[in-house]
Protein chains: 2
Amino acid sequence: MKKRPSTITDIAKSLNIAASTVSRALHDSPSISKETKQAVMKMAKQMDYQPNMLAVSLLSKRTKTIGVIVPEITSYFFSTVISGVQDMVNEAGYKLVICQSNESFEEEQKLIETLALNRVDGFLISPASKTMKFTHLERLRSSGIPVVVFDRDCPGFDADRVLVDDFDGAFQAMEYLIKTGCRRIAHIAGPKNLTTCQHRMDGYIKALQKHQIPVDESLIEWVEGFTSEDGEEATKRLLDRRSRPDAIFAINDAVAIGAMAIIRDKGLRIPEDISIVGFDDEPYSKYFHPSLTSVWQPVYELGMLSSKILMNHLASDLDVTQFRYELLKPELIVRNSSRPV
Amino acid sequence: MKKRPSTITDIAKSLNIAASTVSRALHDSPSISKETKQAVMKMAKQMDYQPNMLAVSLLSKRTKTIGVIVPEITSYFFSTVISGVQDMVNEAGYKLVICQSNESFEEEQKLIETLALNRVDGFLISPASKTMKFTHLERLRSSGIPVVVFDRDCPGFDADRVLVDDFDGAFQAMEYLIKTGCRRIAHIAGPKNLTTCQHRMDGYIKALQKHQIPVDESLIEWVEGFTSEDGEEATKRLLDRRSRPDAIFAINDAVAIGAMAIIRDKGLRIPEDISIVGFDDEPYSKYFHPSLTSVWQPVYELGMLSSKILMNHLASDLDVTQFRYELLKPELIVRNSSRPV
DNA sequence: CTGTTAGCGCATTCAT
DNA sequence: ATGAATGCGCTAACAG
């Protein structure tokens with residue numbers, strides 16, 4: 001027996017007053033007498049009145065909701081960003097609608113459209129690896145819906161963005177490997193059109209060049225995804241080549257873990273034969289054996305800052321004239337999968 | 001320059017027809033002539049018309065949205081359940097609002113209220129570890145909003161529930177440990193009021209009893225959370241006691257990983273000195289060294305099934321008279337952190 | 001085939 | 001201090 005939720009009109013009727021009076025009373029308007037206020041409050045409680053936010057939103061044109069699009073929710077990186085976002089927006093009274101694109105452009109496009117139809121007030125987006133054009137984001141902007149891009153940049157799409165200095169992270173990792181005597185450093189790289197992966201690749205190359213180590217194409221392998229299985233496959237291919245690497249800089253920790261498994265299978269030692277460095281510094285990384293050297297990223301801060309910028313736009317509803325660009329600093333965490341200095 | 005989104009009325013005006021005609025045309029109603037349909041469609045495209053789902057929802061009293069409340073989004077378990085849910089509900093045209101309670105009763109309560117105010121059509125809930133009374137869920141039921149509880153049961157709250165047979169999982173793990181010669185089997189248990197943890201504890205006890213092994217209270221340790229750090233602390237306490245365990249059955253993989261780290265620190269061997277078994281079978285578990293024996297749970301299926309049941313309720317809007325109770329079967333995955341048979 | 005009317009639940013004029 | 005009227009954007013019942 002689903003009861004119809006009681007409305008402001010219901011309260012008004014049972015009290016023989018106007019709906020507008022009830023509305024004002026519930027909002028504690030100063031132009032309402034103490035008596036009617038109390039009567040309304042009491043009746044509201046009695047009838048278990050719950051305001052219908054749909055009606056409020058329709059009228060106010062604001063849903064107090066922000067849409068978050070991430071490639072996948074299961075990864076440590078993105079789920080932690082979301083936690084940061086959550087904690088930030090809660091205080092401002094905003095709700096979150098979290099969606100995953102599964103790295104698919106089509107899904108991403110569809111999600112954005114759906115959320116726009118449902119009138120979310122703003123977007124926090126990290127594009128799918130398959131996303132190469134940004135017309136769907138342009139549309140949002142032309143509808144006046146603020147968008148903040150995080151972690152993965154959208155080249156050619158001008159917007160607020162909060163990124164991590166992936167180049168610097170990779171560079172730190174590489175300099176450390178070189179300093180500890182590695183010379184044949186392999187890189188297991190991620191999808192080519194992700195800016196994060198491009199920048200890590202740049203860091204890899206630039207560090208080699210700085211130390212006059214020639215870039216050897218046979219030391220570079222690519223993965224489509226970011227799983228340990230991908231890392232295993234790439235490492236197998238790498239080790240099958242003529243001359244072995246003495247270090248592997250992996251695009252992330254999961255891939256690095258896969259690499260470690262294969263290297264151990266082949267009877268090689270870490271880090272004596274091959275050093276390993278990952279990226280992300282996942283919580284588990286220090287528990288592997290050997291513990292994984294990795295580039296830590298300020299993940300939680302990434303979420304906080306991105307949402308803070310978005311909140312600012314929503315608060316001041318002037319038009320955005322200039323976009324913010326924030327670059328957060330990563331930090332190499334040295335553990336035992338790489339040689340000591 | 002935020003343009004006001006164009007509405008059905010805008011289209012109607014610029015075409016000099018009635019709004020209802022436009023509405024019908026957009027819905028491809030058979031009672032509209034080909035010509036007007038085409039004209040409407042064309043104008044809609046030209047004006048970049050996007051239906052306002054808030055208005056639609058207000059009218060239809062259905063938002064096509066379901067609320068998902070999990071204790072935390074960062075865990076492998078819950079984020080994977082969500083993936084299952086996502087894949088299921090997408091086909092039915094439902095959206096997901098995902099929220100985390102952070103294991104707090106107050107947050108859980110608040111989230112549920114907020115989502116209810118925003119008129120989600122149904123709920124998928126796994127209660128926080130701090131949640132001990134379910135009046136907030138009772139309220140949902142009395143408002144006629146369907147609720148499906150998953151993984152963690154709500155004792156005393158009658159609802160559809162989709163659970164994992166934690167007792168059986170624990171029992172499988174324990175029988176295996178006993179079969180491989182372990183006798184002083186410790187258990188690192190989770191929060192006492194979580195049904196999942198209770199049932200694992202029951203499995204632990206019952207297996208011991210079946211094999212006439214006395215239950216030794218000094219072999220039982222408790223953790224508040226589910227992190228590796230919690231596991232480390234608990235294991236330290238365990239190893240500080242007079243007589244050491246020859247096996248540890250941990251409440252989950254993260255805790256088991258923490259246990260392994262401490263055991264290795266103490267110079268003990270796994271599994272020769274102490275066998276370890278976890279619960280969850282996280283993707284990384286096979287990559288630890290030694291690889292972790294663990295109880296696998298049908299996580300994705302859990303999400304699919306829970307949401308399927310919810311979808312059924314939403315489709316047939318008769319009242320729910322009887323609640324479904326589904327118990328999914330876990331499975332022990334034997335690896336190298338436990339002795340061979 | 002199309003237009004008119006009404007109403008979803010609410011907040012905000014404008015009256016009184 | 002309160003009520004009546006209006007409209008957010010849309011759909012549906014009821015005319016014609």
Side-chain angles (χ1 to χ4, degrees), chain A residues 2-41 43-44 47-65 114 116-121 143-144, chain B residues 2-41 43-44 47-65 114 116-121 143-144:
Chain A
K2 319 195 175 182
K3 310 171 213 152
R4 189 180 55 78
S6 57
T7 72
I8 242 177
T9 323
D10 296 331
I11 299 181
K13 276 181 190 152
S14 62
L15 247 43
N16 272 318
I17 56 178
S20 52
T21 307
V22 175
S23 173
R24 284 184 281 238
L26 290 172
H27 287 274
D28 201 29
S29 154
S31 67
I32 295 287
S33 73
K34 278 232 169 350
E35 299 79 48
T36 41
K37 262 182 199 170
Q38 287 177 343
V40 166
M41 288 308 197
M43 181 59 73
M47 300 177 68
D48 192 32
Y49 167 75
Q50 314 270 108
N52 186 331
M53 297 311 286
L54 290 174
V56 176
S57 296
L58 178 60
L59 208 50
S60 68
K61 297 180 186 312
R62 308 189 318 129
T63 54
K64 287 287 222 173
T65 301
T114 308
L117 295 188
N118 285 277
R119 297 296 192 267
V120 297
D121 293 341
S143 333
Chain B
K2 318 195 173 177
K3 309 169 215 155
R4 190 180 55 79
S6 58
T7 71
I8 245 178
T9 323
D10 296 331
I11 300 181
K13 275 182 190 152
S14 63
L15 249 41
N16 270 320
I17 56 178
S20 53
T21 306
V22 176
S23 173
R24 284 183 284 238
L26 290 171
H27 286 272
D28 200 30
S29 153
S31 66
I32 296 286
S33 73
K34 277 231 168 351
E35 299 78 47
T36 41
K37 263 182 200 171
Q38 286 177 343
V40 166
M41 288 308 197
M43 182 58 75
M47 301 178 65
D48 191 32
Y49 168 76
Q50 314 269 107
N52 186 332
M53 297 311 286
L54 290 174
V56 176
S57 295
L58 180 59
L59 205 51
S60 68
K61 296 177 186 314
R62 306 188 322 128
T63 54
K64 286 288 222 172
T65 301
T114 307
L117 295 188
N118 284 277
R119 299 296 192 264
V120 298
D121 292 342
S143 333

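Throughout, protein chains are lettered first and strands after them, A, B, ... in sequence-line order, and every chain is numbered starting at 1.
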I want to check something: taking the side chain as every heavy atom from C-beta on, are R4(B) and D10(B) in contact at a cut-off of under 4.5 Å?
yes

Given dT2(D), dG9(C), dG3(C), the nucleotide with the shortest approach to the side chain of S31(A)
dT2(D)

Of K37(B) and N52(A), whose closest DNA chain C nucleotide lies nearer the 5' terminus?
K37(B)

Beyond-backbone contact of T21(A) with L15(A), side-chain heavy atoms, under 4.5 angstrom:
no

Is there a side-chain contact between T63(A) and N118(A), using heavy atoms and a 4.5 Å cut-off?
no

Rounded to whole Å, the CZ-P distance (R119(A) to dC8(D)) equals 14 Å

Taking the side chain of A55(B) as its heavy atoms from C-beta onward, which of dG9(C), dG9(D), dA11(C) lies nearest to it?
dG9(D)

So which protein N/O to nucleotides 12-14 of chain C N/O distances come out below 3.5 Å?
residue : atom : partner : partner atom : Å
dT13(C) : O4   : R24(A)  : NH1          : 3.3

Any side-chain N or O of T36(B) less than 4.0 Å from the OP1 or OP2 oxygen of dC1(C)?
no

Answer yes or no: is there a donor N or O on one side and an acceptor on the other, between the side chain of K64(B) and the main chain of S57(B), under 3.5 Å?
no

Report yes if the side chains of L26(A) and K37(A) come closer than 4.5 Å at any heavy-atom pair, otherwise no.
no

What integer distance in Å separates I11(B):CD1 from dT11(D):C1'?
14 Å

I32(B) atom CD1 is separated from dT2(C) atom P, nearest whole Å, by 5 Å

Looking at every strand, decide which applies to S60(B) at a 4.0 Å heavy-atom threshold: base, sugar-phosphate, or nothing.
nothing

Are the side chain of K61(A) and the backbone of R119(A) linked by a donor-acceptor contact shorter than 3.5 Å?
no

Atom NZ of K13(B) and atom P of dG3(C) are separated, to the nearest Å, by 15 Å

Figure out the CG/C1' separation between L26(A) and dC10(C), and round it to whole Å.
11 Å

So what does N16(A) touch, heavy atoms closer than 4.0 Å: a base, only the sugar-phosphate, or nothing?
sugar-phosphate

Report yes if some heavy atom in the side chain of T114(B) is under 4.5 Å from a heavy atom in the side chain of L117(B); otherwise report no.
no

Using a cut-off of less than 4.0 Å, is there contact between a side-chain N or O of K61(A) and OP1 or OP2 of dG9(D)?
yes

Which is it for T7(A) and N52(A) under the side chain to side chain contact (heavy atoms under 4.5 Å, CB included) test, yes or no, and what are the steps along the way?
CA-CA 8 Å; T7(A) 72; N52(A) 186 331; over 6 Å; no

When rounded to whole Å, the CD1 to C1' distance for the pair I8(A) and dC8(C) reads 14 Å

Kindly calculate the angle separating the two end axes of the helix from dC1(C)-dG16(D) to dT16(C)-dA1(D), each obtained from five base pairs, and round it to 10 degrees.
50°

Over all strands shown, is L54(B) touching base, sugar-phosphate only, or nothing at heavy-atom distances under 4.0 angstrom?
nothing

Roughly how many Å is it from NE2 in H27(B) to P in dA13(D), rounded to a whole number?
13 Å

From OG (S6(B)) to NZ (K13(B)), nearest 0.5 Å
12.0 Å

Given dG3(C), dG9(D), dC10(C), identify the nucleotide with an atom nearest to the side chain of Y49(A).
dC10(C)

Please report the closest heavy-atom contact between I8(A) and Y49(A), naming both atoms and the distance.
N-CE1, 3.6 Å

What's the CD-P distance between E35(A) and dT2(D), to the nearest Å?
8 Å

